[in-house]
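To keep things clear, I will list the structure first and then write my remarks on it.
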2 protein chains.
Amino acid sequence: MTGKPLILVVDDEVQIQRFLRHALDAAGYRVEPAMDAASALRAWSVLKPDLMILDLGLPDMNGKTVVGEIRQRSDLPIIVLSAHDQEQEKIAALDLGANDFIAKPFGIGELLARIRVCLRGTRPAQGAEDVLRRGDLVIDIPAHRVEAAGKPVRLTPREFDLLVLLARHPGRVMTHRQILTRIWGPAHTEDTPYLRVFIGQLRQKLEANPSDPALILTEPGVGYRMVDGV
Amino acid sequence: MTGKPLILVVDDEVQIQRFLRHALDAAGYRVEPAMDAASALRAWSVLKPDLMILDLGLPDMNGKTVVGEIRQRSDLPIIVLSAHDQEQEKIAALDLGANDFIAKPFGIGELLARIRVCLRGTRPAQGAEDVLRRGDLVIDIPAHRVEAAGKPVRLTPREFDLLVLLARHPGRVMTHRQILTRIWGPAHTEDTPYLRVFIGQLRQKLEANPSDPALILTEPGVGYRMVDGV
DNA sequence: CACCGTCTTTACGGAATCCTTATAACGCGG
DNA sequence: CCGCGTTATAAGGATTCCGTAAAGACGGTG
């Protein structure tokens, strides 16, 4: 995706095409027009655009079919336009895989802002970073995998959640209550019997010397803390 | 993120809080309420929710400030509500880092659909390739054909969709929920009975040793993951 | 209408995980 | 040195989760 992002504009109305072409061009995007679904799919598979703006009312094919077709094969961000502001239509388009929906008439400023959101890529539902490193520990969150001292380590789901929680707040003490509410839900906020067990299992699997922990430290009477080493 | 996604609802109007709590609960989410910006930020840092719904009109702080604060430290998906349908306000909120914007009054169905979009986790275009290769596996998407170890394999449509979905995110764990929403639609997001069946059939057809899978790995309690080997 | 392939549902054995409980070790103040 | 509270470790049973097989439901086709 070097240089200007390429946007595929699919709409059969000539005025809208011209309007969008000018506005997007002025905003610094490259624009590829398509007047019907067939040429849109062709242009998509050849040009590999960075984003698609799609009008639902096309002459040759239902716009929703286009969304489905593309979503089967790619994660291309799709912004759907529609003349009608029907809620059912919005829901259908979004659930088929569209990333956003705007009803006509729309403000060009809003459209540009929503384009920026799609291209910005602030998406993952987890948190700040995808891969955390703490000492010789590597936590790959999307892949759900952990390495300690270069060796891959098998962690159970709870262990993994607990480790991620601690690693996300390096150097900071997480109280028993905080840990319990975050991982076991606000119900089990009282007793801490099995929290100890899981901490122990983590140390067993991750620490070089489990009986003298260097990664997960105990803060007596308060909680646990992960070292904030690089 | 064990079980149901947790949604942080920030709004100072009691009726809206109650309305959203019921609707979101019925839709299968856990809800954490917050009436003002300060408690919202506190709840966010402690609970690490999966998504936030934020009203711009708060008593103690401008909602945009909240967006900025959070966006500095996390990629948490944020859906902004506002009483006014001012375009300038939409643009400002989106450019500050909000993922979506809905003006009141809104349809609950549309809100739920936009929540699903945010939680679906679609990343911006990462190249729509026509032919994927994973180990000795070759997936020709336009031709709808698959080869394993040089031999062509017959797959049913669902099996093919599932395989493509996994192969397009190599090394990354796809949760049960993500797989179900993207292949069977957002309706069947709960049950995982037949997902197991299809995974089993895929392994039966693709793996050299189906009882010891090397391509499609299972992440207990979370989902499935395709190896990211070249 | 019968056939076929696919999709969906259900049931069950086996494995892994989670939670509980019991016991030992540690730190601290008196 | 002793008692107390907190923490670490180990082992057991209960529960959940996964994989597999098989049978019914559905839709398209000849």
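Chain letters run A, B, ... following the sequence lines, proteins first, then strands; residues in each count from 1. Scope of the values below: all heavy atoms of this structure, side chains included, with no hydrogens, waters or symmetry mates.
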Donor-acceptor check, side chain of R145(B) to backbone of V153(B), threshold 3.5 angstrom: yes or no? no
Side chain of [X]: nearest nucleotide among [options]?
X       : options                  : answer
Y224(A) : dG19(D), dA8(D), dC19(C) : dA8(D)
P193(A) : dT21(C), dT7(D), dT9(D)  : dT21(C)
F198(B) : dT9(D), dA8(D), dT8(C)   : dT8(C)
R154(B) : dT6(C), dC7(C), dT20(C)  : dT6(C)
P157(B) : dC19(C), dT6(C), dT17(C) : dT6(C)

Quick one: do [X] and [Y] make a salt bridge, cutoff under 4.0 Å?
X       : Y       : value
E147(A) : K151(A) : no
D55(A)  : K104(A) : yes
D85(A)  : K90(A)  : yes
D75(A)  : R182(B) : yes

Could you tell me whether the phosphate oxygens of [N], OP1 or OP2, come under 4.0 Å of any side-chain nitrogen or oxygen in [X]?
X       : N       : value
T156(B) : dC7(C)  : yes
Y194(B) : dA21(D) : no
H176(A) : dT6(D)  : no
T218(A) : dA8(D)  : yes
R196(B) : dG19(D) : no
R203(A) : dA8(D)  : yes
W184(B) : dT8(C)  : yes

[X] [atom1] - [N] [atom2] separation (whole Å):
X       : N       : atom1 : atom2 : result
L162(A) : dT17(C) : CG    : P     : 15 Å
L202(A) : dA8(D)  : CG    : C1'   : 14 Å
I183(B) : dT8(C)  : CD1   : C1'   : 15 Å
F160(A) : dC18(C) : CZ    : C1'   : 18 Å
E219(A) : dG5(D)  : CD    : P     : 22 Å
L195(A) : dT7(D)  : CG    : P     : 9 Å
E207(A) : dA8(D)  : CD    : C1'   : 13 Å
Q204(B) : dA22(D) : CD    : P     : 12 Å

Check each of I53(A), L58(A), L81(A) against V10(A) using the side-chain contact (heavy atoms from CB on, under 4.5 Å) test, and report the only one that passes. L58(A)
5'-most contact on DNA chain C (nearest-nucleotide basis), R158(B) vs V197(A), goes to R158(B)
Of Q201(A) and V222(A), the one whose closest nucleotide on DNA chain D sits nearer the 5' end is V222(A)
